[in-house]
Every structure is written in structure tokens, then in C-alpha cells.
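Everything below concerns the one structure shown next.
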Amino acid sequence: MDAVRKLLEDTNPEALHREKQKKRTGLPELPNGIEGEATLRFAPNPNGPLTLGHSRGVVINSELAKINGGRVVLRFDDTDTKVKPPEPTAYAQIEEEYEWISGKKADVVIRASDRMPIYLEYAEKMISEGFGYSCSCTAQSFKTLRDNKDECPCRDNDVSLNLDLWKSMVSGKIPEGEAVIRVKTSLDLPNPALRDWPALRIQHTPHPMVGEKYKVWPLLDFQSAIEDHLQGVTHIVRGKDLMDSTRKQTILYGHFGWDYPETLYWGRVKVLEFGGFSTSGMRMDISEGKYSGWDDPRLPTISSLRKRGFSPEAIREFWLELGLTQKDISIPMQSIEAKNSSTIDSGSERRSFVRGPIEMKIKIPDAVENYVAEVSVPKHPDGTVSGMREWGAISERIYLEGDDIDVVDIRLKGFADVKIVDGVAEVISNERTDRRTIAHWLPLEISREAVLEIPQMDEIRKVSGVIEDYELVEGMVVQLERIGFAKIKEIPNNGAIVMSWLHR
RNA sequence: GCUCGCGUGGUGUAGUGGCCCAUCAUACUGGGUUUUCGAUCCGGCGACCCGGGUUCGAAUCCCGGCGCGAGCACCA
């Protein structure tokens with residue numbers, strides 16, 4: 001070790017003073033970022049509301065904008081009317097969900113479908129300048145040519161013919177699927193996916209927002225490229241499945257003489273309990289009645305998580321901790337839940353919920369000294385929520401959780417040590433006299449029937465019991481003592497209170 | 001198959017040539033405390049994909065292999 005030290009003094013003295021490694025927190029600096037001038041963007045397809053997967057884009061982009069003093073453009077990429085048609089209600093919902101997750105409204109909001117005239121203009125420019133052309137090959141025959149690095153017959157058509165074909169496409173004279181506009185690239189590109197890639201295609205299906213006005217619609221790689229340039233986007237952060245998109249768009253930028261933004265990538269994420277986050281898949285399942293709606297508790301949508309009681313802080317912390325690695329990862333839902341517990345715990349009042357309750361008589365022998373029949377327990381053990389839950393005087397009947405009464409000597413939590421004799425709980429003392437196990441219980445007066453709904457993969461499991469009916473309000477999230485967090489879903493005039501399970 | 005990307009404890013992450021027999025979190029585990037099986041405190045377990053090379057020195061650079069993932073849509 002000393003020898004190494006000596007050597008270091010000669011060769012690399014700074015190394016000796018280097019700090020012991022520590023964990024970097026937060027996102028790394030933006031490459032080539034200029035303080036205050038970063039423009040990020042988040043570009044979802046409004047074919048449904050946001051999923052947990054989308055929230056990564058919201059969190060990372062808004063956080064980068066925040067720490068670099070920049071702005072975020074929220075752009076709806078709604079240029080597909082056929083395969084993933086837009087859902088009209090999704091626009092407003094996504095805007096609102098963006099704000100909920102990031103804690104801030106998007107700085108700019110635009111819709112691709114509103115900007116069609118601009119895209120068509122650039123497409124025409126591309127054709128006029130000879131780096132785009134109209135191709136009427138079938139997808140299959142083009143693929144064969146492309147894979148052999150061969151030109152397709154349309155590639156040599158002159159500009160005026162291309163412009164004529166373009167006009168026919170735009171006016172709707174050419175049926176769907178019979179022509180496409182391609183961007184010229186070198187056919188020697190090692191990656192076949194990039195060779196003469198398609199930029200616009202014909203779609204005669206009406207668009208839910210702008211109707212039948214347009215017959216030619218840009219594909220993602222073209223629309224996104226043009227719009228990023230127009231909005232002055234400086235940094236694109238996207239999934240690495242879009243790496244080829246970057247390469248295609250860089251070629252287009254070259255044709256137009258523009259500089260491509262800095263691009264960062266994240267890897268694929270799977271949440272073990274849900275698998276992927278397919279909006280179209282969920283949409284289908286909902287329409288088939290498999291789920292009650294986008295906010296069904298079994299779905300990984302933002303509306304579902306939010307309704308169940310997840311906080312935006314937890315979602316933010318979760319993604320920020322994963323950072324921007326390109327590694328493909330699988331994480332358990334538990335890691336998001338752990339974040340949520342720590343963000344909501346201090347504000348969540350405690351309540352008792354006795355599952356599978358067994359009714360029992362309680363008896364106070366005369367011999368108990370200084371007996372106090374009143375019970376009051378804190379709303380929060382650390383006092384972060386002040387106040388007590390006043391149960392009042394205990395009369396003669398209580399509920400106990402079945403599993404707790406395997407032994408005869410137990411302590412009624414927060415009240416007294418008892419001995420169970422012939423199905424009657426005899427009070428020994430309010431004070432704790434020994435280390436007997438603590439039982440979960442409720443006096444009859446403050447109990448009300450309740451059902452805890454626990455969402456599972458294919459069903460919703462229901463656990464019934466009695467809840468501590470003390471200052472309960474619909475919509476509040478409480479921590480059920482010894483069980484975990486739950487939301488009070490419904491307090492009907494008659495019948496059982498309904499609670500929905502959040503997590504431990 | 002072709003193209004691209006990624007491989008650090010169970011799971012995630014830090015680390016970009018040197019006191020690195022490797023950071024932090026979570027999970028798991030042992031114990032303390034406790035009027036929750038929560039929270040908290042103390043302890044433990046546990047990792048640089050493999051093989052070569054460059055170098056005084058490699059988790060870090062190079063080459064090869066293996067594994068995993070993605071793209072190869074007239075979807076985004």
C-alpha cells in the first residue's frame with residue numbers, strides 16, 4: 001500500500017486527495033446545456049390517458065427543465081388516425097395529469113394535428129429540393145429492394161413528377177397505401193431500417209379532431225423532427241427504442257441544413273406486476289369490459305394510481321432515482337410503494353380495522369385499581385397529525401381479531417391487559433404488566449362494518465371486518481394499524497363502509 | 001438473420017485509469033425500542049458477465065466471446 005502511495009505521489013498526486021466515492025444524487029448535467037436556455041419536450045400520443053410509463057417522460061423532462069432553467073413543450077403526436085387513433089378526451093386529461101405529476105403546467109402545449117399545414121409545406125419543400133420523393137412501391141417490394149441496397153424505380157422520377165404525385169396524394173386522388181413520401185438517404189447505410197425511410201403516408205380515415213381535411217399525414221420521424229426544430233428543442237430525452245429515429249431525423253436535418261438537438265436515452269422499464277404499459281391494449285380491455293375504466297385499480301395508469309392514493313412526489317422520486325441509464329430494468333411495484341409510504345406516512349391518520357371480528361364480552365373485576373374506562377389514542381404516533389381519537393367510555397362489548405385470541409393473556413392495544421376466560425375478557429390492569437402480545441380490537445360503540453377491497457391481477461379480493469368509525473371522510477387515506485394504507489372510498493348511509501387498499 | 005444499445009450484490013443505482021478488499025437505497029436477515037406487523041436505531045448477508053490485451057496500476061480503455069433488450073411498420 002505504501003508503495004502504491006509513493007508511486008502515486010510521483011505520477012498522479014491529485015489521486016491521493018481524491019474524496020472517497022459517494023453516491024451522486026439527482027440527474028446529471030445536460031450535455032452542451034446553456035443555463036436558462038434548455039428546451040425539453042414531452043410528446044405523447046393522445047390515444048388514451050397517461051400511464052406510469054409515460055410519467056417517466058414527464059418527470060425527467062420537467063426536472064431537467066427545472067434544474068437547467070429551461071422549458072418543456074407538451075406536444076400531442078396525434079398524426080395517426082388509423083392504428084392508434086386519438087381519443088378526444090385524452091388531450092385535456094393528459095395536460096392535467098402532466099401538471100399533477102410535475103407540479104407545474106407545461107410551458108407550451110401544441111397539437112400536431114393543428115400544425116398540419118406547416119408539415120405539408122415542409123414536405124413539399126423537401127420534394128421540390130429533391131431530397132424527398134413519392135414512392136408507389138408496395139411496402140413489401142420496397143423492403144426487398146432496400147435490403148439489397150437497391151434503388152426503387154420511383155427514386156429517379158424528376159421533381160415535377162414528384163410534385164404532381166404529391167398534389168394527387170394531398171387532394172385525395174390516390175387511395176390509402178398506394179403511395180408514400182420518402183426521404184432520400186444513402187442506400188449504403190449499414191442499418192437497413194434507415195434507407196430511404198418513409199416520411200408521410202396517405203390516410204383517408206377522418207381525424208377525430210380535424211376531420212377529413214387532410215389526406216396525407218406525416219409519420220412520427222418526420223413530424224417530430226420538423227416540430228422539434230420549430231420549437232427550438234435543444235435536448236431530446238427518449239426511450240432507446242427510438243435510437244433509429246434519431247438517426248433518421250439527423251439525416252433529414254442534414255438535408256434541411258439544421259443542427260440536430262442533443263439526444264439522451266433511457267432503457268426499457270418493466271414493472272413486474274404489470275408487464276408493459278400498452279395504451280392500446282388497455283383500451284381494448286376496457287372496451288371489452290375487463291376493467292371498469294382507465295382508473296380501474298388494477299391498471300398502471302396515472303388516473304388509477306392517483307385515485308388509489310399515490311402522491312406525485314412518490315412518482316417523481318421514483319423516476320429520479322432510476323435516472324437516465326440505458327439499462328433495461330424490471331422493478332417491483334414495491335419500490336414505488338416504498339416511496340409513496342415515505343411521502344404520505346406523516347400525513348396519514350391511523351385507524352383500527354379488525355378483520356374477521358369476533359365479538360366478546362368485557363368484564364371489570366372490582367379488584368382492578370385505578371381503572372380508567374376511557375380510551376383515546378393519537379391520530380398519528382409521531383404527532384405529525386395532531387389530536388387524539390377519542391373512543392369514550394368502554395361499555396361491555398368489544399371486537400377482537402380472530403387470530404389474536406389463540407392465547408389467553410393479551411393486551412388490548414392502547415387500553416388494558418386482559419385474560420380471556422370462557423369467552424369473556426377480564427380486565428387485569430390498564431397498565432402494562434408484562435410482555436404479553438398486543439391484540440388489535442375495537443369497542444362495539446365505535447365499530448362499523450367495513451369492506452377492504454384489494455385489487456389483484458384478475459379480481460378484486462374483499463376482506464370484511466369492522467372499522468374504527470371515528471372522523472372518517474370519503475376520499476381520505478388512512479393507515480390501518482398493522483395492515484397498511486387504504487383509502488376510504490365510500491361511506492354509505494346504510495351498510496358497510498368501502499375502503500380500497502393502497503399498500504403496506 | 002441484419003442493425004443498434006446495454007451488462008456492478010436479489011432488485012435498482014454511484015463510480016469514466018489509482019488509497020475501490022467498490023457508493024447509496026431497497027429487499028432479505030439478527031437484535032434494541034415501541035400502545036401498529038408502521039416508523040426508528042444498531043448489526044449481518046451480498047456484486048464489477050467471461051477470456052485476452054494495453055498499463056507500474058483496469059469496474060473504468062481496446063479486442064473477442066457470451067447474455068439480455070430494442071429497431072428492421074405506410075404505429076408512436
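Below, read A as the first sequence line, B as the second, and so on, with proteins coming before strands; counting in each chain starts at 1.
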Would you state whether a donor and an acceptor, one from the side chain of A:Gln479 and one from the base of B:U36, lie under 3.5 Å apart? yes
Pair partner, B:G64 [Watson-Crick or wobble, under 3.5 Å]: B:C50
Integer angstrom distance from the C1' of B:C6 to that of B:C49: 12 Å
Please pick, from B:U13, B:G12, B:U36, the nucleotide with the shortest atom-to-atom distance to any side-chain atom of A:Ile331. B:G12
A:Lys149 atom NZ is separated from B:C2 atom P, nearest whole Å, by 13 Å
Atom CD of A:Glu337 to atom P of B:A27: distance rounded to whole Å? 11 Å
Does a salt bridge link A:Lys143 with A:Asp147, judged by any charged N lying under 4.0 Å from a carboxylate O? yes
Tell me: CG of A:Leu324 to P of B:C6, nearest whole Å? 13 Å
Whole-Å distance, A:Ile336 CD1 to B:G12 P, equals 13 Å
Please determine, for B:U40, whether a Watson-Crick or G-U wobble partner exists with both distances under 3.5 Å, and give it or none. B:G32
Can you check the distance between B:A58 and B:A22, where both ends of the measurement are the C1' atom (answer in whole Å)? 13 Å
Using 4.0 Å as the upper bound for N to carboxylate O, is an ion pair formed by A:Asp77 and A:Arg75? yes
Using 4.0 Å as the upper bound for N to carboxylate O, is an ion pair formed by A:Glu471 and A:Lys379? yes
Spacing between A:Ile329 atom CD1 and B:G69 atom P, to the nearest angstrom: 15 Å
Assess whether a salt bridge exists between A:Arg41 and A:Glu227, defined as any Lys/Arg side-chain N lying under 4.0 Å from an Asp/Glu carboxylate O. no
How about A:Gln203 and A:Thr81: does a side-chain donor come under 3.5 Å of a side-chain acceptor? yes
Would you mind pulling out the nucleotide paired to B:G18, Watson-Crick or G-U wobble, both distances under 3.5 Å? B:C56
B:A27 and B:A59: how far apart are their C1' atoms, nearest whole angstrom? 24 Å
Whole angstroms only, please: what is the CD-P distance between A:Glu273 and B:U11? 15 Å
Watson-Crick or G-U wobble partner for B:G12, using a 3.5 Å limit on both distances? B:C24
Under a 3.5 Å limit for both distances, which nucleotide forms a Watson-Crick or G-U wobble pair with B:U3, could you say? B:A70
Measure the OG1-NZ distance between A:Thr325 and A:Lys240 for me, rounded to the nearest 0.5 Å. 8.5 Å
Can you check the distance between B:A25 and B:G43, where both ends of the measurement are the P atom (answer in whole Å)? 12 Å
Contact class for A:Pro381 (heavy atom, under 4.0 Å): base, sugar-phosphate, or nothing? base
Can you check the distance between B:A47 and B:U11, where both ends of the measurement are the C1' atom (answer in whole Å)? 12 Å
Taking atom P in both B:G17 and B:G31, compute the distance separating them and give it to the nearest angstrom. 45 Å
Using a cut-off of 4.0 Å on non-hydrogen atoms, how would the nucleic acid contact of A:Thr279 be classed: base, sugar-phosphate, or nothing? nothing
B:C45 -> Watson-Crick or G-U wobble partner, both distances under 3.5 Å, gives none
Is the phosphate of B:G5, meaning OP1 or OP2, less than 4.0 Å from a side-chain N or O of A:Lys327? no
Remember a base hit wins even if backbone is also touched, and classify A:Arg411 as base, sugar-phosphate or nothing at under 4.0 Å, heavy atoms. base
Under the salt bridge (Lys or Arg N to Asp or Glu O under 4.0 Å) test, which residues partner A:Lys413, sequence neighbours left out? A:Glu481
Rounded P spacing from B:G30 to B:G53 in Å: 46 Å
Which nucleotide, B:A39, B:U8, B:G12, lies nearest any side-chain atom of A:Ser330? B:G12
Write down the distance separating the P atoms in B:G52 and B:G18, rounded off to the nearest Å. 23 Å
Main-chain N/O of A:Arg350 paired with A:Arg389 side-chain donor or acceptor, under 3.5 Å: yes
Need one value for A:Arg504: base, sugar-phosphate or nothing, where a base atom within 4.0 Å counts as base even if backbone is also close, heavy atoms only. sugar-phosphate
I need a per-nucleotide contact map over nucleotides 70-76 of chain B, read 5' to 3'. Cutoff is protein heavy atoms under 4.0 Å; write B for the base, S for backbone only, - otherwise. SSSSBBB
When rounded to the nearest 0.5 angstrom, what distance separates CZ in A:Arg155 from CZ in A:Phe142? 8.0 Å
